[in-house]
Amino acid sequence: MTPSGREFIAPGAVLGVLGGGQLGRMFAQSAQAAGYEVVVLEPQAGAPAAQLTTRHVASAYDDVDGLHQMARTARAVTIEFENVPAAALQWLERHVRLAPHAPAVAVCQDRAQEKALFEHLGVPCAPHAVVHDAASCAQAATRELFPGILKTARMGYDGKGQVTVHEASGLEAAWRALGGVACVLERRLDLDFELSVVLARGADGHMVHFEPQRNVHRDGILFSSTVAPGVIPEELAGQAVQAARGVAEGLDYVGVLCVEFFVTRDGRLVANEMAPRPHNSGHHTLDSCDASQFELQWRCLVGAPLPQPRRHSAALMLNLLGELWFDEQGAQREPDWAGVLALPGAHLHLYGKHEPRAGRKMGHLSFTAASLAEVEAAARAACARLGLPSL
Ligand code: ADP
Ligand code: MG
């Protein structure tokens with residue numbers, strides 16, 4: 001077993017990933033392309049990443065035997081899912097190289113800790129309060145946090161575990177409706193738009209980043225990400241990159257990190273949350289850049305050099321959610337892939353999920369071209385062919 005070290009792990013070695021969803025699948029595809037073998041720990045048989053790997057540890061994330069098997073099989077382990085129990089990560093870290101480190105993941109698992117870190121580092125975030133009992137609800141109710149969004153501190157994703165609270169008098173009931181777990185209440189900000197920064201930091205502290213992408217969410221789920229000159233004012237983009245780099249440094253982070261930001265109507269940059277792994281908003285890098293976020297993930301893990309990625313195309317990514325597999329009557333159908341693939345610069349990525357469900361991320365579709373106007377035109381045409389609401 002290798003202790004957390006910095007020596008280069010050469011192709012041919014086995015790399016481990018905790019979690020078998022689409023992020024693990026795209027990590028595996030990229031690492032396999034460079035000659036690594038991948039072992040995935042994922043409870044579900046046939047999960048997107050498990051379909052592609054010859055080695056699958058089918059156990060729960062905190063199963064001792066499963067973790068032992070990972071530590072024995074893999075030279076280094078990463079995550080595609082941040083809600084792996086902290087104790088499991090701590091155990092793994094003692095037995096095999098793990099990137100990102102367990103303490104950094106622990107911060108990203110908890111919105112309250114994330115916000116505390118942002119504040120500690122001087123990165124602006126939304127006015128907020130942590131609520132965990134009736135007394136803290138009463139205390140938060142006296143503050144100017146309404147209308148607010150109450151979010152479970154842990155385990156939320158794609159807008160799940162969130163509820164809008166219009167007035168102070170509704171806070172305690174809303175908190176109870178979310179299960180009475182630790183929550184963060186934050187003021188609902190008047191947003192101009194959203195953006196995110198994906199960066200990678202090696203064990204030696206060297207950092208590279210992708211330029212920020214502009215993100216559109218619908219119903220709390222990412223709808224599109226766009227990257228092209230002029231999409232984000234340069235000054236804001238620079239501030240976001242600087243803040244994200246500061247967060248990575250503050251966590252002594254190793255691996256790929258995404259920080260999501262809001263830009264308010266009055267032009268302020270506000271940190272929202274972060275993910276200790278490649279991010280949905282960075283999927284376009286598979287097609288728009290000379291190294292994708294998944295390549296940077298395994299490069300960090302194996303201790304390979306981290307060249308600054310170069311974006312060679314404008315790009316627009318659309319998420320493909322389960323809704324697309326149903327017609328207006330609710331009958332299942334196959335989306336018009338041939339029609340979409342006929343569009344210039346189309347790159348289709350499907351995750352091998354067999355059961356479409358509303359809100360389930362089934363795949364994504366990226367468009368690349370020389371200009372923003374071209375990717376937007378192709379994406380608009382795709383929306384029409386797929387029956388997606390337009391950009
Ligand atoms: P998730 O973990 O589900 O991605 P987020 O906190 O990122 O949770 O919230 C999802 C989306 O909801 C955001 O991308 C944004 O569109 C909207 N949102 C969240 N918090 C706020 C806020 N304080 N003000 C305005 N919009 C918000
Ligand atoms: Mg988010």
Side-chain angles (χ1 to χ4, degrees), residues 19 21-23 79-83 105 107-119 123-131 140 143-167 171 174 178-179 181-198 212-226 232 240 243-244 247 256-283 293 317-319 321 358-361 364 389 391:
Q22 61 268 20
L23 298 171
I79 58 170
E80 68 110 45
F81 167 71
E82 59 269 38
N83 293 316
V105 179
V107 174
C108 301
Q109 285 177 345
D110 186 324
R111 291 185 195 279
Q113 284 192 47
E114 260 173 17
K115 287 207 162 37
L117 177 76
F118 292 148
E119 287 188 323
V123 175
C125 60
H128 65 278
V130 179
V131 300
R143 298 186 42 198
E144 289 181 3
L145 298 173
F146 301 92
I149 304 181
L150 187 66
K151 305 178 178 180
T152 58
R154 306 178 75 90
M155 300 300 238
Y157 68 98
D158 289 348
K160 293 190 176 68
Q162 297 192 12
V163 48
T164 298
V165 186
H166 293 280
E167 346 183 301
L171 178 58
L178 282 179
V181 294
C183 288
V184 172
L185 171 70
E186 57 185 70
R187 185 150 76 214
R188 192 172 72 200
L189 302 174
D190 193 10
L191 305 188
D192 184 359
F193 65 95
E194 298 182 62
L195 62 91
S196 58
V197 177
V198 176
Q213 44 274 322
R214 183 167 174 144
N215 302 326
V216 175
H217 289 81
R218 290 192 178 154
D219 301 324
I221 305 181
L222 185 67
F223 173 76
S224 69
S225 294
T226 306
I232 298 172
V247 169
V256 170
L257 176 76
C258 175
V259 185
E260 291 181 42
F261 295 89
F262 300 137
V263 177
T264 60
R265 291 239 177 253
D266 53 8
R268 286 177 305 118
L269 183 77
V270 174
N272 172 24
E273 60 166 352
M274 55 192 181
R277 51 167 171 75
H279 191 257
N280 195 169
S281 64
H283 288 357
Q293 59 174 350
M317 183 224 61
L318 296 170
N319 261 337
L321 303 181
R360 188 174 198 208
K361 290 176 179 166
H364 70 269
L391 300 184

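Atoms within a ligand are numbered from 1 in the order they appear, just like the ligands themselves.
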N/O donor to acceptor pairs below 3.5 angstrom from side-chain atoms of residues 152-165, sequence neighbours left out:
unit_1	atom_1	unit_2	atom_2	d
Thr152	OG1	Arg154	O	3.0
Arg154	NH2	Gln109	OE1	3.1
Asp158	OD1	Lys361	NZ	2.9

Give the residue, atom name and distance (to 0.1 Å) of the protein heavy atom nearest [atom].
| atom | answer |
| --- | --- |
| atom 18 (N) of ligand 1 | Phe262 CZ, 3.8 Å |
| atom 16 (O) of ligand 1 | Glu194 OE2, 2.6 Å |
| atom 4 (O) of ligand 1 | Glu273 OE2, 2.8 Å |

Ignoring hydrogens, just give me the one of [options] whose non-hydrogen atom is nearest [atom].
| atom | options | result |
| --- | --- | --- |
| atom 6 (O) of ligand 1 | Lys151, Met274, His279 | Lys151 |
| atom 12 (O) of ligand 1 | His217, Glu186, Arg187, Gln162 | Gln162 |
| atom 26 (N) of ligand 1 | Ile221, Leu191, Val216 | Leu191 |

Test salt bridge (Lys or Arg N to Asp or Glu O under 4.0 Å) on Lys115 and Glu186 and set out the steps. CA-CA 10 Å; Lys115 287 207 162 37; Glu186 57 185 70; 2.7 Å; yes
Hey, are the side chains of [X] and [Y] touching, using non-hydrogen atoms and a 4.5 Å cut-off?
| X | Y | value |
| --- | --- | --- |
| Pro389 | Phe223 | yes |
| Arg277 | Cys258 | no |
| Val123 | Leu117 | no |
| Glu260 | His279 | yes |

Among Ser225, Ser196, Ser224, which residue satisfies the side chain to side chain donor-acceptor pair (under 3.5 Å) criterion with Ser281? Ser196
Taking atom CG of Asp266 as the centre, report whether more than 12 heavy atoms of other residues, nucleotides or ligands fall under 6.0 Å from it.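 Counting neighbours around CG of Asp266, more than 12 heavy atoms of other residues, nucleotides or ligands fall under 6.0 Å, so yes.
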Can you confirm whether Arg268 is buried at CZ, in the sense that more than 12 heavy atoms of other residues, nucleotides or ligands lie under 6.0 Å from that atom? no
Give yes or no for whether the N/O distance cutoff of 3.5 Å, strictly under, is met between Leu189 and ligand 1. yes
Check ligand 1 against [X] and write out every atom of the ligand that is under 4.0 Å from a heavy-atom position of the residue.
| X | value |
| --- | --- |
| Asp158 | 1 (P), 3 (O) |
| Glu260 | 7 (O) |
| Gly159 | 1 (P), 3 (O) |

Residues passing the ring pair (Phe, Tyr, Trp, His ring centres under 6.0 Å) test with His364, sequence neighbours excluded, are His283, His349, Tyr351
At a cut-off of 2.8 Å, protein N/O/S around the Mg ion (ligand 2) gives Glu260 OE1, Glu260 OE2, Glu273 OE2
Which donor-acceptor pairs under 3.5 Å do side chains of residues 187-194 form with protein atoms, sequence neighbours excluded?
unit_1	atom_1	unit_2	atom_2	d
Arg187	NH1	Glu144	O	2.6
Asp190	OD1	Arg265	NE	3.4
Glu194	OE1	His217	ND1	3.2
Glu194	OE2	His217	ND1	3.2

Does atom 21 (C) of ligand 1 have a protein non-hydrogen atom under 4.0 Å from it?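 Yes, because at least one protein heavy atom sits under 4.0 Å from atom 21 (C) of ligand 1.
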